[in-house]
Amino acid sequence: MRKKLLRNFYVRPTLKVAKELLGKYIVRKIGKRKREGKIIETEAYIGPQDKASHAYGGKITPRNKAEYLIGGHIYIYLVYGMYWQLNISTFKEGKPECVLIRALDLGRLADGPGKVCRYLKLNKSFYAEDLTKSKRIWLEDRGEEISPSSILATPRIGIDYAGPYWSRRKWRFVLKS
DNA sequence: GTACAGATTGAG
DNA sequence: TCAATCTGTACT
């Protein structure tokens with residue numbers, strides 16, 4: 001069973017999408033070759049109230065504007081001057097909510113958000129790409145059942161600057177192996 | 001215009 | 001433990 005994820009999957013509350021992305025496959029077509037992997041770690045960012053979000057306070061910049069797109073678009077940006085971070089916009093148009101893809105089930109090849117993008121060869125050219133329409137990247141449901149008991153919820157990584165309230169929200173989701 | 005820190009990673 | 005190095009923001 002291979003079913004491409006469509007708009008109705010992404011246009012839902014972000015925490016729900018972040019959890020359900022676990023166990024889904026991301027497929028990246030590079031020429032005639034494909035690179036793909038199962039998503040095993042995600043994080044939810046829910047602006048404008050979320051102090052850890054780039055859209056905190058309703059802020060809009062050239063970098064973060066893709067966060068405001070309707071669910072199913074790619075929000076990709078560079079951190080620390082060298083690592084791309086793959087996010088998927090969620091919920092409705094105008095709502096700056098997204099899910100960060102932190103790891104794929106590929107061992108050390110993709111065990112961090114920067115490495116996911118390096119493996120999938122993603123960069124600024126994918127900015128605002130529509131995952132429901134793109135011919136070079138999309139997500140698939142391959143019928144793998146994920147039980148709630150196999151999902152671990154933990155605080156998000158690397159956002160201590162957002163203060164204890166937001167950095168302690170358990171909005172990071174990991175698929176137990 | 002300058003200064004500074006960040007949703008990270010890999011080397012020492 | 002620390003440096004790499006682009007982008008946005010808060011200053012002068």
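By convention in this document, chain letters (A, B, ...) are assigned in the order of the sequence lines, proteins followed by strands, and residues within each chain are numbered from 1. Everything numeric in this text was worked out from a predicted model, so none of it was measured.
- Between the NZ atom of A/Lys51 and the OH atom of A/Tyr45 there is a distance of 15.0 Å, given to the nearest 0.5 Å.
- Across all strands shown, A/Leu100 has heavy atoms under 4.0 Å from base atoms, whether or not it also approaches the sugar-phosphate.
- Across all strands shown, A/Lys59 has heavy atoms under 4.0 Å from sugar-phosphate atoms exclusively, and none from any base.
- Put simply, A/Arg102 has a side-chain N or O that comes within less than 4.0 Å of OP1 or OP2 on B/dT8.
- In this entry the distance linking CD1 of A/Ile157 with P of B/dT9 reads 10 Å, nearest Å.
- Nucleic acid contact for A/Gln85: sugar-phosphate only, since backbone atoms but no base atoms lie under 4.0 Å from a heavy atom of the residue.
- Here A/Asn87 lies in heavy-atom contact (under 4.0 Å) with a base.
- With rounding to the nearest 0.5 Å, the separation of CD1 in A/Ile74 from CZ in A/Phe126 is 6.5 Å.
- With rounding to whole Å, A/Arg108 atom CZ is found 12 Å from B/dT9 atom P.
- Two residues, A/Lys124 and A/Tyr83, neighbour DNA chain C, and the one matched to the more 5' nucleotide by heavy-atom proximity is A/Tyr83.
- If you measure from atom CG of A/Asp160 to atom P of B/dT8, you get 10 Å, rounded to the nearest angstrom.
- With rounding to the nearest 0.5 angstrom, the CD atom of A/Glu140 is 8.5 Å from the CG atom of A/Leu5.
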For a quick test of your reading: what N or O donor-acceptor pairs under 3.5 Å do the side chains of residues 98-119 of chain A make, sequence neighbours left out?
| from | atom 1 | to | atom 2 | distance (Å) |
| --- | --- | --- | --- | --- |
| A/Arg102 | NE | A/Glu41 | OE2 | 2.8 |
| A/Arg102 | NH1 | A/Glu43 | OE2 | 3.4 |
| A/Asp111 | OD1 | A/Lys115 | NZ | 2.7 |
| A/Lys115 | NZ | A/Arg108 | O | 3.0 |

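- Taking the 5.5 Å centre cut-off and the 30° plane limit, the aromatic side chain of A/Tyr80 is classed as stacked on B/dT8.
- Taking only side-chain nitrogens and oxygens, A/Arg118 comes nearer than 4.0 Å to OP1 or OP2 of B/dG10.
- Of the candidates A/Lys65, A/Glu129, A/His54, A/Gln85, A/Tyr75 forms a side-chain hydrogen bond (donor to acceptor under 3.5 Å, both in side chains) with just one, namely A/His54.
- Remark: C1' of C/dC6 and CZ of A/Arg63 are 10 Å apart, rounded to the nearest angstrom.
- Stem list for DNA chain C (at least 3 consecutive Watson-Crick or G-U pairs, distances under 3.5 Å): B:1-6 with C:6-11, B:8-11 with C:1-4.
- Of the listed nucleotides (B/dT8, B/dG10, C/dT7), B/dG10 has the atom at the smallest distance from the side chain of A/Lys115.
- Ionic pairing of A/Arg142 and A/Glu144 is not present here: no N-O contact between side-chain nitrogen and carboxylate oxygen is shorter than 4.0 angstrom.
- The interatomic distance linking A/Tyr75 (OH) with C/dT7 (C1') rounds to 10 Å, in whole Å.
- The A/Met82 side chain lies nearest to C/dA4 when the options are C/dG8, B/dT9, C/dA4.
- Going from atom CD of A/Glu41 over to atom P of B/dT9 covers 9 Å, rounded to whole Å.
- Closest approach to the A/Thr61 side chain among B/dT8, B/dG10, C/dT9 is made by C/dT9 (side chain taken as heavy atoms from C-beta onward).
- For the pair A/Asn64 CG and C/dT7 C1', the interatomic distance rounds to 12 Å; values are reported in whole Å.
- Of the possible donor and acceptor atoms, none in the side chain of A/Thr14 sits under 3.5 Å from a partner among the backbone N and O of A/Ala44.
- Between atom CD1 of residue A/Ile39 and atom CG of residue A/Leu86 there is a gap of 8.0 Å, rounded to the nearest 0.5 Å.
- As a whole-Å value, the separation of A/Ile60 CD1 from C/dT7 C1' is 17 Å.
- Checked against C/dT9, C/dC6, B/dT8, the side chain of A/Leu78 finds its nearest nucleotide in C/dC6.
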